[in-house]
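Working notes, structure below.
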Amino acid sequence: MRAALVGIDFGTGDFSASLEELSLLARSAGADPITTITAKRSSPDPAHFVGSGKADEIKMACKVDGVDIVIFNHALSPAQQRNLERRLEVRVVDRTSLILDIFAQRAQSHEGKLQVELAQLQHLATRLIRGWTHLERQKGGIGLRGPGETQLETDRRLIGERVKMLRTRLTKLRKQHETQRRQRGRNQTFSVSLVGYTNAGKSTLFNTLTKAGVYVANQLFATLDTTSRRLYLGDEVGSVVISDTVGFVRELPHQLVAAFRATLEETIHADLLLHVVDGNSPVRMEQIEQVNEVLREIGADHVPQILVWNKIDAAGLEPGIERDEYDKISRVFISAHSGAGLDLLRDAIVEAAKAARGNNNTNEGQDEATGFAEDELPGGGSLGGSADNMPTSTQFGPH
């Protein structure tokens, strides 16, 4: 499918890197970017986002190059998308729709497909009028008078019911994940999650460490479904659980963050985050901040984190370890592709696991020093009793 890419420079961030990423996203979705049209504006045009003059320029370029689809590097409102399609006479897709389409193509597991469908329906609910403008009036005529509901209202109601059903299924899956995490907690298994910008090399690193055989490709969002494997790190620590998660990207649609909460909660409940960074990327610092922003959004910014500087072979760097002012490991330089520095990364995980185990033992010692049994609370309450029997001081407030 021949595509025209449109990017508007509003004077914020690295515009060229953002456009390059849009081209990668388009190719990942199966489109063939033929031409790129750019402009500078102080603010979006309310009607066409780009202004009527630039819209006519895009229309002319589409006719000359035989473009089938126009992809905007921004989120468009339903009205802007509708106005642009009428003016350009070709299909228009914004950045959010493009990412949703890639996720729909890549989802493999039942849970991944449910999460993508939920995000798509939430996005579609605001854009239903595009496909149903001929059905906005209520049905009429002999034998056609229904309950007074327009086709548009019917579709919105059906989407609402489907969204409710998907949320119920995902809630059930979240409970299953919680049960698995509690079991790991009882076994005192140290949990590690790989996080990072998409295409930073997380799945390559995961495969190199665990020999898992997870799908790897030089494309955005090659991995959607969380995969967990045990990794044995010696007698001192034993086995740890390592999870490979979905990659992040700038301006990740909020619908996806919300829909993939069940998957991303593996990150929230991890004992350690290995934040994989493409050390050869010129915009790596911006990518680090984008990942940290999503981690804050899902409530995982409190989890201890080690930066894993990947692709050092391409960047011309040597394997090594950096420590912060508290002598904790803050950064490890590796190449997942060549295997350079992986022994240092394993040592870093072992050190973090030992430190976490030491903290847990300290906390358990403090609990025992209070003089109460594990299932007994002061004031006659117990952890195994009903909520009514619990003392006021142990009640949890609303989250």
- Task: For the residue pair L114 and L118, establish whether any side-chain heavy-atom pair is separated by less than 4.5 Å.
- Result: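 SC-SC contact between L114 and L118 ruled out.
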
- Query: So, R157 and E161, do they make that salt bridge, N to O below 4.0 Å?
  - Reply: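 Salt bridge: yes.
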
Taking [X] for its side chain and [Y] for its backbone only, find out whether a donor-acceptor pair lies under 3.5 Å.
X	Y	answer
T168	K164	yes
K202	N199	no
E322	S330	no
D9	T38	no
T245	L194	yes
T96	A75	no
D32	R2	no
D65	V67	no

[X] side, atom [atom1]; [Y] side, atom [atom2] - distance, nearest 0.5 Å:
X	Y	atom1	atom2	value
L170	M165	CG	CE	9.5 Å
L307	F333	CG	CZ	9.0 Å
N310	D278	CG	CG	7.0 Å
S281	K311	OG	NZ	8.0 Å

- Derivation and outcome, salt bridge (charged side-chain N to carboxylate O under 4.0 Å, His left out), residues E351 and R323: CA-CA 12 Å; E351 187 174 314; R323 295 180 179 271; 2.9 Å; yes

Of the options [options], which is the one that meets [X] in a side-chain contact (heavy atoms from CB on, under 4.5 Å)?
X	options	value
L100	Q122, Q105, H123	H123
W309	V276, I334, L317	L317
V92	N83, L76, I69	L76

- Using side-chain contact (heavy atoms from CB on, under 4.5 Å) as the criterion, list what pairs up with K54, not counting sequence neighbours.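 With sequence neighbours excluded, K54 shows a side-chain contact (heavy atoms from CB on, under 4.5 Å) to I37, A39, V50, E57, I58, given in chain and number order.
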
- Message: Looking at E20, I want to see if its CD is surrounded by more than 12 non-hydrogen atoms of other residues, nucleotides or ligands under 6.0 Å.
- Response: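 Incorrect, the count does not exceed 12.
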
- Anything under 30° is parallel, anything over 60° is perpendicular, the rest tilted; go ahead and classify F49 against H74.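 Answer is tilted, since the angle falls between 30° and 60°.
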
- Message: Under a 3.5 Å cutoff, is there a donor and acceptor pairing between the side chains of D94 and S97?
- Response: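 Judged by distance alone, the side chains do pair up.
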
